[in-house]
Amino acid sequence: MDINAVNALPYEDFVNIFGNVVEKCPIITASVWSRRPFVSLPALEAAISEFIDSLPESEGILRCHPDLAGRDLQRGTLTLESREEQARAGLDSLNSAEASRMTRLNEEYKERFGFPFVICARMNDKANILRQLSERCQNERAVERARGIEEVKKICRLRLQGLVLTDAPNKL
Ligand code: 2AL
């Protein structure tokens, strides 16, 4: 689908297709629909990013993210997008030492900050994710809140790129 096809989508189709570009936050997609037409994929991405930045409380978005290698992965209850991202980073095949370290650090992180650790899994492998999780536990809360939102935006960019052709000419 190119950006012209995106702009032509009725509201319901737009939300069905793009509703999970920010994990479990279809209200973001529903809100940016009224900003059509988008001149390009980066313009759609910018509209989402601006909406996120305008929220008075962005931590809610972080809380919509499942733990990496957490209960949802074990139970098979991840969203399709999250499952693919976690598998690509190797998080579905941790050895038992890695799995217990991940669980312990995820809990420590949530205990300290009150929201889950979020990182763009497709841009990292499991060793890098474990290292960053351990390092980021030491940060200040405001730093981590901002860092988590940056990662949400990276995840969103890659999900959008999986749905929209970027090199298509636009007719605007
Ligand atoms: C996730 C997720 O579901 N996909 C991804 O890239 N990162 N979750 C997380 N807690 O970072």
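Note that ligands are numbered from 1 as they come in the structure, with each ligand's atoms numbered from 1 the same way. The figures here come from the full heavy-atom set of this structure, side chains too, leaving out hydrogens, waters and symmetry mates. Remember, it's a predicted structure, so these values are computed and weren't measured experimentally.
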So which heavy atom in the protein is nearest atom 7 (N) of ligand 1, and how far is it from that ligand atom? I119 O, 2.8 Å
Ligand 1 versus I155: contacting region, heavy-atom distance under 4.0 Å: side chain
Is the shortest N/O to N/O distance between E85 and ligand 1 below 3.5 Å? yes
Distance under 4.0 Å to a non-hydrogen atom of A121: what atoms of ligand 1 satisfy this? 5 (C), 6 (O)
Would you say E23 has any N or O atom under 3.5 Å from an N or O of ligand 1, going by distance alone? no
Which atoms of ligand 1 are found less than 4.0 Å from any heavy atom of S82? 2 (C), 3 (O)
R136 versus N139, side-chain donor and acceptor atoms under 3.5 Å: no
C120 heavy atoms within 4.0 Å reach ligand 1 at atoms 6 (O)
Of the backbone atoms (N, CA, C, O) and the side-chain heavy atoms from C-beta on, which set of P66 has a member under 4.0 Å from an atom of ligand 1: side chain, backbone, both, or neither? both
Report the relative orientation of the aromatic rings in F14 and F38; use parallel for angles under 30°, tilted for 30 to 60°, perpendicular for over 60°. parallel
Short N-O contact, K110 and E107, less than 4.0 angstrom: yes
Nearest 0.5 Å please: distance from the CZ atom of F115 over to the CD1 atom of I61. 12.5 Å
Looking only at distance, does F117 have an N or O less than 3.5 Å from an N or O of ligand 1? yes
Once side-chain contact (heavy atoms from CB on, under 4.5 Å) is applied, do any residues pair with E23, and if so which ones, sequence neighbours excluded? N20, H65, P66, T79, S82, R159
Among protein heavy atoms, which lies nearest atom 1 (C) of ligand 1, and at what distance? L68 CD2, 3.6 Å
Going by the rule salt bridge (charged side-chain N to carboxylate O under 4.0 Å, His left out), which residues pair with R36 if we only count those two or more places apart in sequence or in a different chain? none
Just checking, any donor-acceptor pair under 3.5 angstrom between side chains of Q138 and R112? no
